[in-house]
Structure formats: structure tokens, C-alpha cells
Novice: 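Let me begin by handing over the structure; questions about it come next.
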Number of protein chains: 2
Amino acid sequence: MDVKVSTRGDYASRALLSLALHASESNPTSVRDIAERTGLPQPYLEQILLALKGAGIVRSKRGVGGGYVLARDPEDISMAQIVSAVDGPIAAGDFGEPHADGACDHEGQCVLLALWSEVGDLLRDHLSSYSLADMVARARGIQPAAKTR
Amino acid sequence: MDVKVSTRGDYASRALLSLALHASESNPTSVRDIAERTGLPQPYLEQILLALKGAGIVRSKRGVGGGYVLARDPEDISMAQIVSAVDGPIAAGDFGEPHADGACDHEGQCVLLALWSEVGDLLRDHLSSYSLADMVARARGIQPAAKTR
DNA sequence: CCATAGTCTACCCATTTGGTCAGGAATTAG
DNA sequence: CTAATTCCTGACCAAATGGGTAGACTATGG
């Protein structure tokens with residue numbers, strides 16, 4: 001089934017969480033600093049930040065005093081966006097579409113396709129329901145007590 | 001994130017679904033027959049059935065007229081069991097435990113660990129809520145929900 | 001004993017994952 | 001201008017995983 005979080009997804013989340021926690025001013029944070037704070041390997045982290053930039057989640061500034069900044073408010077960055085930015089779309093299995101009109105080539109296979117796709121939806125929805133701001137809140141201990149979203 | 005269903009999980013489900021659909025008598029079905037009905041590569045299917053046997057989901061009989069039979073009633077075989085039998089435990093990421101007492105080595109990383117684990121639970125629960133019998137019902141068109149006419 | 005059919009072990013190739021490295025290009029300080 | 005800083009680009013790499021094959025072995029029934 002393969003429902004493990006890749007290190008990329010995890011690392012990206014950590015980097016962004018760190019960025020959000022230290023977003024005191026609007027001056028950028030260098031990759032080096034982020035790597036130090038999070039304990040992640042710097043060169044690898046660069047790749048990941050680049051992907052996040054490509055997805056429009058962070059902005060970058062080059063040169064002296066440059067670095068990365070969140071492109072939007074943490075409230076407007078969902079965990080689903082983060083994860084799919086570095087790991088591709090959150091979808092269970094690309095075996096083909098459930099060609100829903102009962103035209104299965106073998107027995108009841110489309111029933112299963114429908115199930116996998118349902119599972120993907122469920123997961124995407126769930127991750128979409130959390131924002132980076134939620135993680136910041138939790139990390140600061142202001143846990144809103146098992147949210148009911 | 002990696003939330004795709006492996007072919008193994010899918011194949012295992014198909015094989016079992018096929019087995020359940022033709023479970024008219026208690027005489028076993030050979031791997032060759034299952035492969036033919038489902039259109040799956042026979043040698044690969046053998047491996048998968050072996051794993052399912054190891055998990056106690058099917059029983060086998062060797063020799064002439066041998067083959068595989070469901071070990072239990074389809075009602076008592078959950079989709080979660082099938083998937084984890086061939087793909088290992090359904091759990092998001094084994095980075096370590098969320099050492100819940102706020103003793104994160106770096107900033108708020110355990111918050112994320114908690115999230116991944118929550119996601120794994122959600123998924124496992126969801127797949128556990130479906131049984132092979134449910135799939136059989138759906139495949140036969142006795143769809144409890146969208147029943148046309 | 002012989003054909004059938006499951007079981008086991010090993011191997012194979014392609015892709016993905018996790019990660020490094022060597023420059024190049026932009027920006028700013030001086 | 002030039003040098004320092006920092007992001008950017010792209011190649012490269014090792015290991016694991018996924019998907020699949022091949023072949024020998026063993027149990028069973030006739």
C-alpha cells in the first residue's frame with residue numbers, strides 16, 4: 001500500500017514550520033540557517049526549498065542577506081499543498097480511471113479502482129484541513145484540543 | 001508522501017475478489033485459473049498468494065486438483081488486512097515515535113510526527129471498515145448506495 | 001511412477017528515494 | 001569594479017523498492 005510519508009514531505013514541512021516560527025520580520029532566512037535549526041542536510045534541503053518555490057509556497061532572494069520567506073500567510077498554506085509540492089499529487093494509484101459504466105475488462109476490478117481513489121480523496125481532504133498555522137500553534141503548545149474539523 | 005496503492009495491494013485484492021466471486025463450492029482454485037480470470041501475471045500472482053497464505057487469509061492445497069481457498073468468510077476479511085498482508089503495516093512513516101512530552105530535539109518536529117501517525121491511523125481505520133464481502137456486493141451491482149432503478 | 005500444482009530461492013531490470021558535488025548567476029557591500 | 005554572499009542549476013551517485021522471471025523442489029492423486 002505504501003502509505004508512508006517520504007522524507008521529502010517531512011523535511012519540507014519541517015523547513016516551513018521553522019520558517020513560520022521565526023517569521024518575525026520579513027527578512028529572508030538562508031538555507032544554511034534553516035538547515036542548522038532543523039538539523040537537516042543542507043544540500044538536500046536546497047532541492048526541497050526549490051520545489052517549494054516552484055509551487056509558489058516560498059519566495060527567495062539572492063545575494064548577501066538573501067534567503068527564503070513564506071510567500072503567503074501560514075494560515076493559507078495547507079499541509080496537503082506542502083506535501084504534494086515535493087512529492088507530487090496525493091492520489092492512490094494511477095492504474096487508470098474506474099470507467100464507471102460497468103465496463104470492467106475483468107470481473108469486478110473497477111470496484112477496487114473506485115476504492116483506491118476514494119482513499120486518495122479521503123487523505124487529500126484530511127491533509128487539506130490542516131494549515132501550516134495549525135502546526136505552528138501546536139508546536140507552540142497552544143494545542144486547540146483535538147480539532148473537530 | 002507516497003500514498004499510492006502498490007500493484008501488490010491491488011493485485012491481492014483482485015485475486016481475492018475473484019476467489020470470493022467464484023466460491024461456489026469449497027474446492028480450490030488453481031493459480032492458473034485465478035491468473036486467467038483476473039488477467040494478472042501468473043508467477044507474480046503466486047508470490048502474492050503465498051503472502052496472503054502467510055497472513056492466514058487463504059488456505060492452499062497442493063497436488064492435482066489443488067489450489068487456493070479463502071480461509072475465512074469474506075465478511076471477516078477486511079481490505080486493511082489484505083493490503084497489509086502484502087505490503088506491510090499501513091502506517092505513515094517510521095521516523096520514530098512522537099516522544100510526546102515536548103522533548104523535541106529540534107523545534108516543533110514532533111508535531112509533524114504526530115500528524116503523520118494520525119494520517120496513518122485514519123487510513124487504516126478506513127480500510128478496515130470495508131470487508132471483502134462489501135467488494136463482492138459492489139461488484140455484483142448490489143451497490144447499497146447508488147442503486148439505479 | 002508420473003503428471004499436476006503449490007513452494008521456495010534466486011535473480012533480473014527499471015524507477016524512485018535520499019543525498020552529494022561542482023560550478024554558475026544574481027545581488028549587495030565596499 | 002570586485003568580492004562576498006547566497007540562491008540556482010544540473011549532473012551524478014548509492015541504495016532501496018517495485019515489478020517480474022526462472023528454475024528447481026516437494027507434495028498429492030491416480
Novice: With the side chain of A:Y68 defined as its heavy atoms from C-beta on, choose the nearest nucleotide among D:dC7, D:dT21, C:dT17.
Specialist: D:dC7
Novice: Rounded to the Å, how far apart are A:L40 CG and C:dT20 P?
Specialist: 11 Å
Novice: Can you tell me the distance, in whole Å, between the CD atom of B:Q42 and the C1' atom of C:dG6?
Specialist: 10 Å
Novice: Using a strict heavy-atom distance below 4.0 Å, which residues from residues 47-56 of chain A are in contact with DNA chain C?
Specialist: A:Q47
Novice: Do A:R8 side-chain atoms and A:D87 backbone N/O form a donor-acceptor pair below 3.5 Å?
Specialist: no
Novice: Report the nucleotide, chosen from C:dG19, D:dG20, C:dG6, that has the shortest atom-to-atom distance to any side-chain atom of B:S30.
Specialist: C:dG6
Novice: Within the side chain of B:R72, is there an N or O that forms a donor-acceptor pair under 3.5 Å with the backbone of B:G56?
Specialist: yes
Novice: Between C:dG6, D:dG19, D:dC7, which one does the side chain of B:S60 approach most closely?
Specialist: C:dG6
Novice: With heavy-atom distances below 4.5 Å as the criterion, would you say the side chains of B:S60 and B:Y68 are in contact?
Specialist: yes
Novice: OP1 or OP2 of D:dG18 less than 4.0 angstrom from a side-chain nitrogen or oxygen of B:S6, does that happen here?
Specialist: no
Novice: How close or far is atom P of D:dA14 from atom OH of A:Y44, stated in whole angstroms?
Specialist: 17 Å
Novice: Does the protein touch nucleotides 23-30 of chain C at the base, only the backbone, or not at all? Give it as B, S and - per nucleotide, heavy atoms under 4.0 Å.
Specialist: --BSBB--
Novice: How many Å lie between CG on A:N27 and P on D:dT5, as a whole number?
Specialist: 18 Å
Novice: Would you tell me whether A:Y11 and A:Q47 have side-chain atoms, one donor and one acceptor, within less than 3.5 Å of each other?
Specialist: no
Novice: Quick test of your reading of the model: are B:R14 and B:D10 salt-bridged, counting only N-O distances below 4.0 Å?
Specialist: yes
Novice: Look only at the side chain of A:D134 and the backbone of A:S131, and say whether a donor-acceptor pair between them is shorter than 3.5 Å.
Specialist: yes
Novice: Just verifying a value: how many Å separate B:M135 CE and B:S13 OG, rounded to the nearest 0.5 Å?
Specialist: 8.5 Å
Novice: If the test is side chain to side chain contact (heavy atoms under 4.5 Å, CB included), which one of B:T38, B:I34, B:V136, B:D33 qualifies with B:L19?
Specialist: B:I34
Novice: Looking at D:dC7, D:dG20, C:dG19, which one has an atom nearest to any side-chain atom of A:Y11?
Specialist: C:dG19
Novice: Could you tell me whether the side chain of A:V119 reaches within less than 4.5 Å of the side chain of B:H126, counting heavy atoms only?
Specialist: yes
Novice: For B:L45 and D:dG20, what is the distance between atoms CG and P respectively, to the nearest whole Å?
Specialist: 11 Å
